[in-house]
Amino acid sequence: MSEYTQILLKNDLAEIDRLNQEVAEFGAQHNLTVEEEYALYLCLEELVTNVINYAWPEGGEHELNVIVAVNPEEFRIEIEDNGIPFDPTQYPEPDLSKPPHERQIGGMGLHLVRKTIDHMSYQRDGDINRLLVRKKRAKVPA
């Protein structure tokens, strides 16, 4: 059975601090390892920042819903927003064979998320974007 926390955020980058604080408390309650906490922060910061910066090009105040869940086998992040459709699973990988100054701008954050996690899926349900990210937890010897 998974334990979870649900965090409702405004589309304001200042909300990232509150998100990190709530996730730190959740991680401490559920004995996440340092590596698991790092992966969780990296994924949340990148994915939530992208939603805040790009989901609502018309501006205005909006909300996004973040759910972080953990069980002995994995942790899971779900992000829901009503912004423009965007499927990060279809965003191309950056061309790492080129020097940084010759690469297309953007995409490195998603690249880091992909390298950190085990699974990412996207669904558009009506006017809602739903992104699911999962990472297996390390087995702790008994």
Side-chain angles (χ1 to χ4, degrees), residues 1-100 103-142:
M1 181 168 165
S2 292
E3 297 291 329
Y4 72 93
T5 186
Q6 183 172 356
I7 308 159
L8 194 60
L9 302 171
K10 294 179 183 166
N11 60 323
D12 181 341
L13 290 175
E15 291 278 89
I16 298 293
D17 287 339
R18 184 169 66 85
L19 173 66
N20 286 339
Q21 186 174 27
E22 292 199 31
V23 169
E25 291 170 14
F26 180 78
Q29 291 171 355
H30 299 287
N31 301 317
L32 294 181
T33 67
V34 171
E35 293 82 8
E36 290 168 337
E37 282 187 20
Y38 173 79
L40 194 55
Y41 287 127
L42 174 87
C43 292
L44 282 168
E45 187 146 336
E46 177 59 32
L47 297 171
V48 169
T49 298
N50 282 350
V51 171
I52 290 170
N53 284 334
Y54 303 114
W56 300 281
E58 77 285 354
E61 190 172 302
H62 300 274
E63 292 182 330
L64 58 148
N65 186 35
V66 177
I67 298 170
V68 178
V70 65
N71 65 44
E73 287 79 40
E74 69 179 6
F75 70 76
R76 200 172 65 244
I77 299 168
E78 297 177 46
I79 301 172
E80 295 181 346
D81 67 79
N82 67 347
I84 60 172
F86 177 70
D87 182 353
T89 67
Q90 299 302 308
Y91 197 83
E93 286 286 331
D95 184 353
L96 300 179
S97 67
K98 292 182 179 179
R103 293 182 200 150
Q104 178 180 347
I105 294 175
M108 280 306 293
L110 275 177
H111 172 73
L112 290 173
V113 169
R114 287 178 179 140
K115 295 299 179 193
T116 302
I117 53 107
D118 297 308
H119 171 83
M120 181 187 297
S121 62
Y122 169 84
Q123 179 183 15
R124 181 75 177 181
D125 186 12
D127 64 348
I128 303 295
N129 292 304
R130 286 195 173 93
L131 182 64
L132 172 64
V133 173
R134 295 190 327 228
K135 179 168 179 57
K136 293 178 186 163
R137 297 188 70 189
K139 300 289 184 209
V140 179

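Nothing here was measured: the structure is a model prediction, and the numbers come from that model.
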field: Audit row: I128, D81, side-chain contact (heavy atoms from CB on, under 4.5 Å) steps and yes/no
entry: CA-CA 6 Å; I128 303 295; D81 67 79; over 6 Å; no

query: Checking side-chain hydrogen bond (donor to acceptor under 3.5 Å, both in side chains) for the pair N50/E46: CA distance, chi angles, key distance, verdict?
result: CA-CA 6 Å; N50 282 350; E46 177 59 32; 3.0 Å; yes

message: Show, in sequence, the C-alpha distance, side-chain angles and deciding distance for I84 and W56, and conclude whether the side-chain contact (heavy atoms from CB on, under 4.5 Å) test is met.
response: CA-CA 6 Å; I84 60 172; W56 300 281; over 6 Å; no

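When side chains are defined from C-beta on, V68 counts as touching L44, because their heavy atoms get closer than 4.5 Å. Counting heavy atoms from C-beta outward, Y4 and V70 have side chains that stay 4.5 Å or more apart. Residues I7 and V23 form a side-chain contact, since some pair of their non-hydrogen atoms from C-beta on lies under 4.5 Å apart.
Taking every heavy atom of both residues into account, I52 and D12 meet most closely at CD1-O, 3.6 Å. Across all their heavy atoms, A39 and K135 have their closest contact at CB-CD, 3.8 Å. Contact record, S121 with L131: O-CD1, 3.3 Å, taken as the closest heavy-atom pair. Annotation for L42 and L112: closest pair CD2-O, 3.9 Å, computed over non-hydrogen atoms. Taking both residues in full, the closest heavy atoms of Y122 and F86 are given as CE1-O, 2.9 Å, listed atom of the first, atom of the second, then distance. R76 and S2 get closest at one heavy-atom pair: NH1-OG, 3.8 Å.
Salt-bridge check for D125 with R130: passed, with a basic side-chain N closer than 4.0 Å to an acidic carboxylate O. A salt bridge links R137 with E36; the closest basic N to acidic carboxylate O contact falls under 4.0 Å. A salt bridge is defined here as a Lys NZ or Arg NE, NH1 or NH2 lying under 4.0 Å from an Asp or Glu carboxylate O, and K136 with E74 fails to meet this definition.
Atom CG of L40 and atom CD of E45 lie 11.5 Å apart (nearest 0.5 Å). Taking CE of M120 as the reference point, atom CZ of R134 lies at 12.0 Å (rounded to 0.5 Å). With rounding to the nearest 0.5 angstrom, the CD1 atom of I77 is 6.5 Å from the CG atom of L47. For the atom pair F26 CZ and Q21 CD, the distance stands at 15.5 Å (nearest 0.5 Å). To the nearest 0.5 Å, atoms CG (L19) and CG (L13) are separated by 11.5 Å. Atoms CG and OH, from L32 and Y41 in turn, are 9.0 Å apart once rounded to the nearest 0.5 Å.
Judged by distance alone, with hydrogens and angles left aside, the side-chain atoms of E15 form a donor-acceptor pair with the main-chain N or O of K10 at under 3.5 Å.
The environment of Q123 atom CD is dense: over 12 non-hydrogen atoms of other residues, nucleotides or ligands sit within 6.0 angstrom.
Checked options N65, L64, N129, L8; the residue passing with E80 is N65 (criterion: side-chain contact (heavy atoms from CB on, under 4.5 Å)). With V51 as the partner, the side-chain contact (heavy atoms from CB on, under 4.5 Å) test is satisfied by one option alone out of N11, L9, V66, I79: I79.
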